[in-house]
> 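What follows is a structure written as structure tokens; I'll ask about it next.
Throughout, protein chains are lettered first and strands after them, A, B, ... in sequence-line order, and every chain is numbered starting at 1.
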Number of protein chains: 2
Amino acid sequence: MSQQRHGSTPGEADGVPAFPDLPEATIARLPEYLRALHHLAETGAETVSSEGLAAAAGVNSAKLRKDLSHLGSYGTRGVGYDVALLVYQIEYILGLDKNRAVCLVGVGNLGHALAGYAGFASRGFRVVALFDADPKKVGEEINGLIVQHTDDLERIAAEESIAIGVIATPPGTAQAVADALIAAGVTSILNFAPGVLSVPPNVDVRKVDLAIELQILSFHEHRKASLTALPGGRAAAVAADAAPGKAAPGNAVPGNQEAVGS
Amino acid sequence: MSQQRHGSTPGEADGVPAFPDLPEATIARLPEYLRALHHLAETGAETVSSEGLAAAAGVNSAKLRKDLSHLGSYGTRGVGYDVALLVYQIEYILGLDKNRAVCLVGVGNLGHALAGYAGFASRGFRVVALFDADPKKVGEEINGLIVQHTDDLERIAAEESIAIGVIATPPGTAQAVADALIAAGVTSILNFAPGVLSVPPNVDVRKVDLAIELQILSFHEHRKASLTALPGGRAAAVAADAAPGKAAPGNAVPGNQEAVGS
DNA sequence: GTATGTGAAAAGCTTCACAGCG
DNA sequence: CGCTGTGAAGCTTTTCACATAC
């Protein structure tokens, strides 16, 4: 995450738009900005201020401006940002103009739902193959796709030039699936199976663990309860709404609400 | 996110174990440590070194030690950590001994899968109620629970003292559902619907957006491609494995793999 | 006048490296 | 001697506040 600068841009002075190296925290927020922008575009807005977009995305405006400044200067002082232009720029940076092929491994409870998840298709991702190790599931049709056996995963993933593999198998088989995906040339994996995947450094893994999310919330419940239940009673009230300037709209647990990843 | 200090600990000098205020980043990793510890316990290990546990959880050992040091000193120098003791301590801190009641709103594709997700039950969370606004779904039985109408959400959630509400509705109704949950006294929400929820400051929200995860991966695909495909060819190789010290095992996109929250 | 873009300060998090304990 | 616990250093991210441009 720090290859080329930009400004003292080495090489590539001509056609190719030098790839800016954005902070990870910024990258994780761009999709949320994009969603907010699409929403604004639907309501007919042509421009939006950093204040307005920040509110729609649930972040503060200084952060938003700094994030966008990393992409280049696409705002107009005294006016705001051009919605359509910004949509285009963010989609370009995120590589969403590429219509990437996704495959999904593990068609259990969760995998089944993911296979039918409209949010994927509506954002430039095509689910092109489904796999499962269970012979009973192989052959089943879900959302227009036939479930194939994981034995064929490596071959088919390579043939279809899959860009992103989604793992929704039980934990025990996740590593083997990841290995097969990687062997087929996949370099991005979204992992729903609990546990850590071991992958070479050029492969990006993102993990979503639903139980972990609940456990984090449980911690906060525990914390709130332990403050409220204090004997004496007065500490409860104090703690419950300390942080006076903080009564902002729409956020709470900080490392989240916008930007899951991280 | 910053109510009580600790150190100049007010009140509570006796029985109640003053609640340590852990860094958010640490909290987000505790569940992963816990999973790794359970796994170790199953294999019969009684103690584990920071090195060993760190590897199992996909973090580096210094980070792990610092995280655990926030809970207190539960390790033995020269030996390591007692697995059972550490499991107990982490479960206590996370409040997992409380068997919290969870309700799930929106039994569509994804909600249906979540209702049957074994990972919830196996971690001290009881799904006690399902809701949907669609009359066709009300009355349906999923995993032993009858789907109820969202009109009754507020009343039932209050009656059942729901601790955590999971929202898996379409984006348009998520805010209304959140409002109803909050009115019923729910102070923790896990939101799968795209978009930002507006909640009072005492309510914690965590968000999981599957499309955002894919978009972040798409960015990294785009970045990798733009480095590899550079004309001249040599810059490609250089960029592809810059960051020499980074060839670590089992991780990649940093803000993630362990600790989604983020 | 208004809102962006950005240096500089502050806060938060990670890594280092080693003192200290078992 | 090995491994934890932890100050201190280094890095990333957020926030502030204002010069700059429209």
> Side chains of B/Ser188 and A/Lys224: closer than 4.5 Å at any heavy-atom pair?
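Of all side-chain heavy-atom pairs linking A/Lys224 with B/Ser188, at least one is under 4.5 Å.
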> Could you list all N or O pairs between the protein and nucleotides 8-10 of chain C that sit under 3.5 Å apart?
from  : atom 1 : to      : atom 2 : distance (Å)
C/dA8 : N6     : A/Lys66 : NZ     : 3.2

> OP1 or OP2 of C/dT4 versus the side-chain N and O atoms of A/Thr76: is any pair under 4.0 Å?
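The answer is no; no side-chain N or O of A/Thr76 sits under 4.0 Å from OP1 or OP2.
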> Given a 3.5 Å cut-off on both pairing distances, which stems involving DNA chain D, each at least three consecutive Watson-Crick or G-U pairs, are present, if any?
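Stems found: C:1-22 with D:1-22.
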> Start with the C-alpha gap between A/Arg35 and A/His38, add the side-chain angles, then the distance that decides, and say whether side-chain hydrogen bond (donor to acceptor under 3.5 Å, both in side chains) holds.
CA-CA 5 Å; A/Arg35 192 199 45 72; A/His38 274 127; over 6 Å; no
> Rounded to the nearest angstrom, tell me the gap between atom CG in A/Leu86 and atom P in C/dT4.
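Taking atom P of C/dT4 as the reference, CG of A/Leu86 is at 11 Å.
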> How many Å lie between CG on B/Leu22 and C1' on C/dG12, as a whole number?
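Distance, rounded to whole Å: 14 Å.
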> Starting at atom CG of A/Leu30, determine the distance to atom P of D/dT13, rounded to an integer number of angstrom.
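Taking atom P of D/dT13 as the reference, CG of A/Leu30 is at 13 Å.
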> If we only count heavy atoms from C-beta on, is the B/Thr187 to B/Asp204 side-chain gap below 4.5 Å?
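No, their side chains stay 4.5 Å or more apart.
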> Return the value, rounded to whole Å, for the distance between atom CG of A/Asp67 and atom P of D/dT12.
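Going from A/Asp67 (CG) to D/dT12 (P), I get 16 Å.
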> In whole angstrom, what separates B/Leu64's CG from C/dC16's C1'?
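The distance from CG of B/Leu64 to C1' of C/dC16 comes to 16 Å, rounded to the nearest Å.
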> Using side-chain heavy atoms (C-beta onward) and a distance below 4.5 Å, is A/Tyr74 in contact with A/Asp82?
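No, their side chains stay 4.5 Å or more apart.
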> Quick check on D/dC22: is either OP1 or OP2 less than 4.0 Å from any side-chain nitrogen or oxygen of A/Tyr81?
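A/Tyr81 to D/dC22 OP1/OP2: no side-chain N or O under 4.0 Å.
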> May I ask you to decide if the ring planes of A/Tyr117 and A/Phe120 are parallel, tilted or perpendicular, using 30° and 60° as cut-offs?
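Perpendicular: the ring planes of A/Tyr117 and A/Phe120 meet at over 60°.
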> Strictly below 4.0 Å: does B/Ser50 bring a side-chain N or O up to OP1 or OP2 of D/dT4?
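For D/dT4, OP1/OP2 do have a side-chain N/O of B/Ser50 under 4.0 Å.
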> Can you identify which nucleotide, out of D/dT4, D/dT14, C/dT14, has its nearest atom closest to the B/Ser49 side chain?
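Closest of the options to the side chain of B/Ser49: D/dT4.
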> Quick one, B/Arg29 and B/Thr26 - any side-chain contact, counting heavy atoms below 4.5 Å?
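Result yes, sub-4.5 Å side-chain heavy-atom pair found.
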> Roughly, in whole Å, what's the span from CG in B/Leu85 to P in D/dT4?
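That distance rounds to 14 Å.
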> Check this one for me: any side-chain N or O of A/Asn60 less than 4.0 Å away from OP1 or OP2 of D/dT14?
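It does not, given that no N or O in the side chain of A/Asn60 lies less than 4.0 Å from OP1 or OP2 of D/dT14.
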> Below 4.5 Å, heavy atoms only, C-beta onward: do A/Leu22 and A/Ile93 meet side chain to side chain?
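The answer is yes; the side chains approach within 4.5 Å.
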> Is there a donor-acceptor pair under 3.5 Å between the side chain of B/His222 and the backbone N or O of A/Leu96?
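Between the backbone of A/Leu96 and the side chain of B/His222 there is no qualifying donor-acceptor contact (under 3.5 Å).
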> Check the pair B/Leu197 / B/Ile167 against side-chain contact (heavy atoms from CB on, under 4.5 Å), numbers first and verdict last.
CA-CA 11 Å; B/Leu197 293 181; B/Ile167 301 179; 4.0 Å; yes
> Toward the 5' end of DNA chain C, which comes first, A/Ser69 or A/Gly78, by nearest nucleotide?
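The residue closer to the strand's 5' end, by nearest nucleotide, is A/Gly78.
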> Report yes if a side-chain nitrogen or oxygen of A/Tyr74 is closer than 4.0 Å to either non-bridging phosphate oxygen (OP1 or OP2) of C/dA3; otherwise report no.
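Answer no for this pair, as no side-chain N or O of A/Tyr74 is under 4.0 Å from OP1 or OP2.
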> Salt bridge or not between A/Glu32 and B/Lys207? Use side-chain N to carboxylate O under 4.0 Å.
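Looking at B/Lys207 together with A/Glu32, the answer is yes, because their closest N to O distance falls below 4.0 Å.
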> In whole angstroms, how far is the P atom of D/dG5 from the NE2 atom of B/His70?
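B/His70 atom NE2 is separated from D/dG5 atom P by 12 Å.
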> Measuring from the side chain of B/Arg65 (C-beta onward, heavy atoms only), which nucleotide among D/dT4, C/dG5, C/dT14 has the closest atom?
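My answer, after comparing the listed nucleotides, is D/dT4.
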> Look at the side chain of B/Arg77 against the base of D/dG2 and say whether a donor-acceptor pair falls under 3.5 Å; ignore hydrogens and angles.
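Not at all, since no donor on one side and acceptor on the other fall under 3.5 Å apart.
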> To the nearest angstrom, how far is A/Leu71 atom CG from C/dT4 atom P?
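Rounded to the whole Å, the gap is 14 Å.
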